[in-house]
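A, B, ... follow the sequence lines: proteins, then strands. Residue 1 opens every chain.
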Amino acid sequence: MDPAFFEKEVQSSEIDAILEELNLESTVVNNGSEGDEELNKLESSYEAKRLKLRKELNDAMKKLEQNSKAASERIYAVLRSQMRVRPIDEQDFQRAADAIRRRHESAQFEIKQYVANCLLVHRRNIEQARKKRKNFDKDTTSILQAYFDKHLDHPYPSEEHKQMLAQQCGITVQQVNNWFGNQRIRRRKQIEDSRLQHEQNSEMYCQDGSNLEQLIQPSGIIEMPLEDGSQQKLFIIHPQPNQIYYQAFDGDMYMPGPSNSEIHQIYGANEDFQQ
DNA sequence: GCCCATGATTCACG
DNA sequence: CGTGAATCATGGGC
């Protein structure tokens, strides 16, 4: 598991919601003997950690309570003793009480934040184990797709870019790796399958009559949305490192695809990462 | 319930 | 170590 995934601090607004889980009787959802060993073990270990954290939180709060009480008693004693040498009014007591209350509250917050953080980490583990696989949501895939399509000539994001993508998508770097790995292979396969299909209806020539075999291997394939809602496959051709053009396949003939600028109107709108 | 897309896992390679 | 390739396992649409 990617540690960075857990590193972000718990938002203060979430803390109480997270801590509520500590008050539950039990979080074990497994209804008895069913389920796999691995999950049961995880669940009981999570339950143990949860109970431990609950006790820790309780103890810390009690201790803090006592400390604050003792502190305010000390302050009051000091103030009372000073009354003999200087005038001390109700406001002085009030200020002292406020100061102690503020310290008390900030300490309380820190404890809660710490416990909530611990709990969250453990909860993520158990959640991960419970639901085995979940498809990424639409936003996530479109972000990844956009990056991939923009770097078709070299769809290998750097470590930095992987982290940015992960953060942007709300997934782990490992998941970004998986996605790009799968994507590279499956796109290549897609291209290969398309070529094979085309080769099957043997006589295929470009507009100028030249044979397919002379064509440069496409380095990528994208699906361009058409006005009628359907999608058209476009092959990406890199004749030279800095050159790019697109080829569409229409019936049994390769046609020049849309120009690069047209493509960019469709795909290029989203901001790019700096290379 | 089937089927394919898709995320994850595993292993080999350089 | 990062990647490619094969494979597994699940999700989700029909």
Side-chain angles (χ1 to χ4, degrees), chain A residues 1-8 28-43 45-46 120-200 216-226 228-238 241 244 248-249 266-267 270 272-275:
Chain A
M1 208 59 42
D2 177 16
F5 188 61
F6 300 119
E7 264 169 21
K8 49 182 172 188
V28 181
V29 282
N30 218 336
N31 44 1
S33 55
E34 211 49 47
D36 56 313
E37 193 98 359
E38 213 53 33
L39 185 57
N40 283 334
K41 245 167 81 177
L42 255 172
E43 283 202 327
S45 99
Y46 173 71
L120 203 60
V121 170
H122 296 146
R123 198 159 74 184
R124 290 249 169 83
N125 286 335
I126 197 81
E127 275 171 3
Q128 192 88 14
R130 229 174 246 157
K131 52 175 167 211
K132 317 208 162 164
R133 182 169 75 76
K134 187 79 185 134
N135 285 1
F136 296 155
D137 57 43
K138 218 168 78 252
D139 292 343
T140 296
T141 37
S142 63
I143 290 170
L144 296 171
Q145 295 270 13
Y147 186 97
F148 195 96
D149 288 341
K150 285 208 142 194
H151 301 79
L152 269 175
D153 52 329
H154 187 70
Y156 297 81
S158 65
E159 207 49 45
E160 271 182 27
H161 284 195
K162 284 177 188 172
Q163 281 176 20
M164 287 173 67
L165 286 166
Q167 197 182 5
Q168 213 174 334
C169 296
I171 58 179
T172 66
V173 172
Q174 181 56 51
Q175 285 175 304
V176 174
N177 282 330
N178 290 339
W179 192 88
F180 273 85
N182 283 325
Q183 198 69 3
R184 281 191 294 264
I185 287 172
R186 285 167 182 163
R187 293 241 197 167
R188 271 198 289 273
K189 201 166 148 55
Q190 201 181 358
I191 295 169
E192 204 45 46
D193 289 350
S194 300
R195 307 188 88 242
L196 281 177
Q197 261 185 27
H198 295 165
E199 272 164 22
Q200 275 173 2
I216 299 162
Q217 281 247 31
S219 64
I221 190 168
I222 55 176
E223 305 263 344
M224 186 180 66
L226 295 179
D228 63 358
S230 68
Q231 301 238 317
Q232 181 178 27
K233 281 193 173 68
L234 291 178
F235 296 91
I236 292 94
I237 315 288
H238 286 278
I244 182 169
F249 188 76
I266 303 170
Y267 290 97
N270 22 22
D272 198 8
F273 292 99
Q274 258 49 267
Q275 192 71 337

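A/Phe136 places its CZ atom 11 Å from the P atom of B/dT6, with the value rounded to the nearest Å. The separation between A/Arg187 atom CZ and B/dA5 atom C1' is 14 Å, rounded to whole Å. Separating the CZ atom of A/Phe180 from the P atom of B/dT6 is a distance of 15 Å, rounded to the nearest angstrom. Between A/Arg133 atom CZ and B/dG7 atom P the separation is 7 Å, expressed in whole Å. What separates CZ of A/Phe148 from C1' of B/dT6 is a distance of 15 Å, to the nearest Å. Between the CG atom of A/Asp137 and the C1' atom of B/dG7 there is a distance of 14 Å, given to the nearest Å. Residue A/Asn178 contributes atom CG, which lies 16 Å from atom P of C/dA9 at whole-angstrom precision. What separates CD of A/Glu160 from P of C/dG2 is a distance of 15 Å, to the nearest Å.
The listed nucleotides are B/dA8, B/dG7, C/dG4; the one nearest the side chain of A/Trp179 is B/dG7. Considering only side-chain atoms of A/Ile185, the nucleotide from C/dT10, B/dT9, C/dA5 that sits closest is C/dA5. Among the nucleotides C/dA6, C/dA9, C/dG4, the one closest to the side chain of A/Asn182 is C/dA6. Between C/dT3, C/dG12, B/dG7, one nucleotide has an atom nearer to the side chain of A/Asn177 than all others, and that is C/dT3. Of the candidates B/dT6, C/dG2, C/dG4, C/dG4 carries the atom nearest the A/Arg184 side chain, counting heavy atoms from C-beta on.
Within 3.5 Å, no donor on the side chain of A/Asn135 pairs with an acceptor on the base of B/dA5, nor the reverse. On a pure distance criterion of 3.5 Å, a polar donor-acceptor pair joins the side chain of A/Arg186 and the base of B/dG7.
When each of A/Val176, A/Leu165, A/Asn178 is tested with A/Ile171 by the rule side chain to side chain contact (heavy atoms under 4.5 Å, CB included), just one qualifies, namely A/Val176.
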Evaluate side chain to side chain contact (heavy atoms under 4.5 Å, CB included) for A/His151 paired with A/Tyr156, printing each intermediate quantity in order.
CA-CA 8 Å; A/His151 301 79; A/Tyr156 297 81; over 6 Å; no
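Contact check, A/Arg188 against C/dA5: a side-chain N or O comes under 4.0 Å of OP1 or OP2. Side-chain N/O atoms of A/Gln175 include one lying less than 4.0 angstrom from OP1 or OP2 on B/dA8.
The main-chain N or O of A/Thr172 is found under 3.5 Å from a side-chain atom of A/Gln175 such that the two form a donor-acceptor pair.
Contact check for A/Trp179 versus A/Gln145: side-chain heavy atoms found under the 4.5 Å cut-off.
For A/Phe136, there are no ring-ring contact (aromatic ring centres under 6.0 Å, His included) partners two or more places apart in sequence or in a different chain.
Among the heavy atoms of the strands lying under 4.0 Å from A/Lys162 are primed sugar atoms or P, OP1, OP2 only; no base atom is included.
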